[in-house]
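Throughout, protein chains are lettered first and strands after them, A, B, ... in sequence-line order, and every chain is numbered starting at 1.
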Amino acid sequence: MCGRFVANNELETIKEVFNPKIAPSLALGENYNVSPSQNTFVINKQEAAVIELNTKVWGFTATWDTKRRLANARSESILQKASFKDSYLYRRCLVPINGYYEWFRVNEKPTQAYFIYSKKMKLLPVAGIYLDDEMTILTTSANARLSAIHDRMPVLVPPRNWESWLDQSITEPGQIQSLIPSAPLDFLDAYPVSSSVNNSRSKGKNLIDPIGPEI
DNA sequence: CCAGACGTTGTT
DNA sequence: GTCTGG
DNA sequence: CCAGACGTTGTT
DNA sequence: GTCTGG
């Protein structure tokens, strides 16, 4: 899945890629270890043709359990989940990240952290939904390469579908689903990183230093 | 109608 | 073991 | 996601 | 708060 990610939050790059009409007053510094409950940028569109850049807290809370934050929503079953359905139909967003972390496990303990990113796309928007000031990232089954590390991965939206993904007038489930085809098998890259990333207080760029070869 | 579950991950 | 904070 | 704490009551 | 099962 996707429980930590990298966001360098470079406004310049985000503006080049999305050209948002509306931007938050709050700037976010680079963060090589974004964890649930932290603020992060999202791209959304509440009015036709008006792309917005906003900040949201990562993780949905339910009214009946405000302590627990759901960092992810399973895309396969999202229409059957009352907590997520309406956000999926009416409040989709893109989360501009620069890669994420995954922990390879044997039995119980996390053994090795990996940084997963795209050589092709430095800014890698992933699919999210939002409600008020909260955001959660959609997941799907991992592709062949990444399944060596973990069985889930974030949902990627191809650039050609970005506009439609953000379009709130598109509410037909089949049409929405067609916007998020499975990621190409070789699209993402990964290499192991140090266990410094395990502690969410660690934030520096050194967290993505490779400690081994690409998978 | 009320009672009770409800969201993820990994692991069992 | 389970919950909370980051 | 992992790290790290992990107790009660009533009251502000 | 809202949905489902009984």
Side-chain angles (χ1 to χ4, degrees), chain A residues 1-9 26 28-41 55-93 95 97-117 124 126-143 146-156 173 180 188 190-209 211 215:
Chain A
M1 60 89 76
C2 178
R4 301 279 186 89
F5 62 80
V6 172
N8 61 24
N9 296 323
L26 175 67
L28 297 177
E30 63 176 15
N31 188 342
Y32 283 82
N33 200 355
V34 182
S35 58
S37 80
Q38 296 190 314
N39 270 309
T40 193
F41 283 141
T55 60
K56 302 280 182 194
V57 175
W58 184 15
F60 268 33
T61 51
T63 52
W64 35 269
D65 180 4
T66 55
K67 299 293 170 63
R68 201 152 169 67
R69 285 198 179 276
L70 301 174
N72 300 116
R74 293 180 68 95
S75 60
E76 299 94 328
S77 56
I78 200 163
L79 287 166
Q80 281 72 250
K81 305 299 180 183
S83 307
F84 298 139
K85 180 183 174 184
D86 284 356
S87 293
Y88 178 70
L89 295 177
Y90 309 120
R91 291 178 298 275
R92 296 178 299 277
C93 63
V95 186
I97 73 174
N98 306 100
Y100 66 100
Y101 300 100
E102 205 71 86
W103 280 264
F104 175 73
R105 281 171 181 264
V106 174
N107 300 324
E108 294 165 16
K109 306 286 184 189
T111 50
Q112 179 62 61
Y114 284 81
F115 178 55
I116 300 168
Y117 67 107
L124 181 70
V126 296
I129 57 176
Y130 64 96
L131 177 59
D132 299 329
D133 65 344
E134 297 176 339
M135 172 279 292
T136 191
I137 293 175
L138 306 197
T139 60
T140 187
S141 42
N143 67 22
L146 294 181
S147 62
I149 300 172
H150 194 78
D151 65 338
R152 307 290 297 166
M153 65 180 284
V155 170
L156 303 175
I180 47 174
L188 294 178
Y191 57 74
V193 294
S194 101
S195 61
S196 303
V197 72
N198 292 12
N199 191 324
S200 61
R201 289 167 211 268
S202 308
K203 294 296 183 192
K205 187 167 190 166
N206 60 304
L207 295 177
I208 64 168
D209 291 343
I211 63 165
I215 65 164

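Residue A:R105 has its side chain nearest to B:dT11 when only B:dT11, E:dC3, C:dG6 are considered. Residue A:S35 has its side chain nearest to C:dG6 when only C:dG6, B:dT9, B:dT8 are considered. Distance from the side chain of A:K81 is smallest to B:dT8 among B:dT9, B:dT8, D:dA3. Listed nucleotides C:dT4, B:dT9, C:dG6 differ in distance to A:K67; the shortest reach to its side chain belongs to C:dT4. When distances run from any side-chain atom of A:L70 to the nucleotides B:dT9, D:dC2, B:dG7, the shortest one goes to B:dG7. Nearest nucleotide to the side chain of A:N199, out of B:dT9, B:dT11, D:dA3: D:dA3. Out of B:dG7, D:dA3, C:dG6, the shortest distance to the side chain of A:S200 is found at C:dG6.
In this structure, the CZ atom of A:R68 is 16 Å from the P atom of B:dA5, given to the nearest Å. The separation between A:R201 atom CZ and D:dC1 atom P is 19 Å, rounded to whole Å. In this entry the distance linking CZ of A:R74 with P of B:dC6 reads 15 Å, nearest Å. In this structure, CD of A:Q80 is placed 16 Å from C1' of E:dT2, rounded to the nearest angstrom. Taking atom CD of residue A:Q38 and atom C1' of nucleotide D:dC2, one finds them 13 Å apart after rounding to whole Å. With rounding to whole Å, A:F60 atom CZ is found 18 Å from B:dC6 atom P. Regarding A:I116, its CD1 atom lies at a distance of 12 Å from the C1' atom of D:dC1, rounded to whole Å. Rounded to whole angstrom, the span from the CG atom of A:D65 across to the P atom of C:dT2 amounts to 15 Å.
Remark: side-chain polar atoms of A:T136 are not paired, donor with acceptor, to backbone N or O of A:G59 under 3.5 angstrom. Put simply, the side chain of A:R91 gets close to the backbone of A:Y130: a donor and an acceptor are under 3.5 Å apart. Of the possible polar contacts, one joining the A:S202 side chain to the A:S196 backbone as a donor-acceptor pair under 3.5 Å is found.
When the options A:C93, A:S75, A:P154 are evaluated for a side chain to side chain contact (heavy atoms under 4.5 Å, CB included) with A:I137, the one that passes is A:P154. With A:I78 as reference, A:I129 is the one residue of A:I129, A:V155, A:L89 to meet the side chain to side chain contact (heavy atoms under 4.5 Å, CB included) rule. Test A:R4, A:R201, A:K203 against A:N33 for side-chain hydrogen bond (donor to acceptor under 3.5 Å, both in side chains) and you get one pass: A:R4.
Contact annotation for A:F84: backbone-only contact, meaning every heavy-atom pair under 4.0 Å involves sugar-phosphate atoms and none involves a base. At the heavy-atom level, A:A113 lies nowhere under 4.0 Å from the strands shown.
Here A:T139 reaches the OP1 or OP2 of B:dT9: one of its side-chain N or O atoms lies under 4.0 Å away. Taking side-chain N and O atoms only, A:R69 has no distance below 4.0 Å to OP1 or OP2 of B:dT8.
Atom C1' of B:dA3 sits at a distance of 30 Å from the matching atom of D:dT9, rounded to the whole Å. Taking atom C1' on both D:dC1 and B:dT11, the two are 15 Å apart, rounded to the nearest angstrom. When the C1' atom is compared between D:dC6 and B:dT8, the two are found 23 Å apart, to the nearest whole Å. Taking atom C1' on both nucleotides, D:dG7 is separated from C:dC3 by 14 Å, rounded to a whole Å.
The base of C:dG5 does not come close enough to the side chain of A:S37 for any donor and acceptor atom to sit less than 3.5 Å apart. Scanning atom types as modelled, no donor and acceptor separated by under 3.5 angstrom connect the side chain of A:W103 and the base of D:dC1.
Here the closest heavy-atom approach between residue A:G99 and residue A:F5 is recorded as O-CB, 3.3 Å.
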>> Apply ring-ring contact (aromatic ring centres under 6.0 Å, His included) to residues A:Y114 and A:Y101 and explain how you reach the verdict.
In response: CA-CA 5 Å; A:Y114 284 81; A:Y101 300 100; over 10 Å; no
>> Let me check I have this right: for DNA chain E, each base becomes ., (, ), [, ] or |, based on Watson-Crick or G-U pairs with both distances under 3.5 Å. What is the full string?
In response: ||||||
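Remark: ring of A:W64 stacked against base of B:dC6; centroid gap under 5.5 Å, plane tilt under 30°.
Residues meeting the side chain to side chain contact (heavy atoms under 4.5 Å, CB included) test with A:T61, sequence neighbours left out: A:R69, A:E134.
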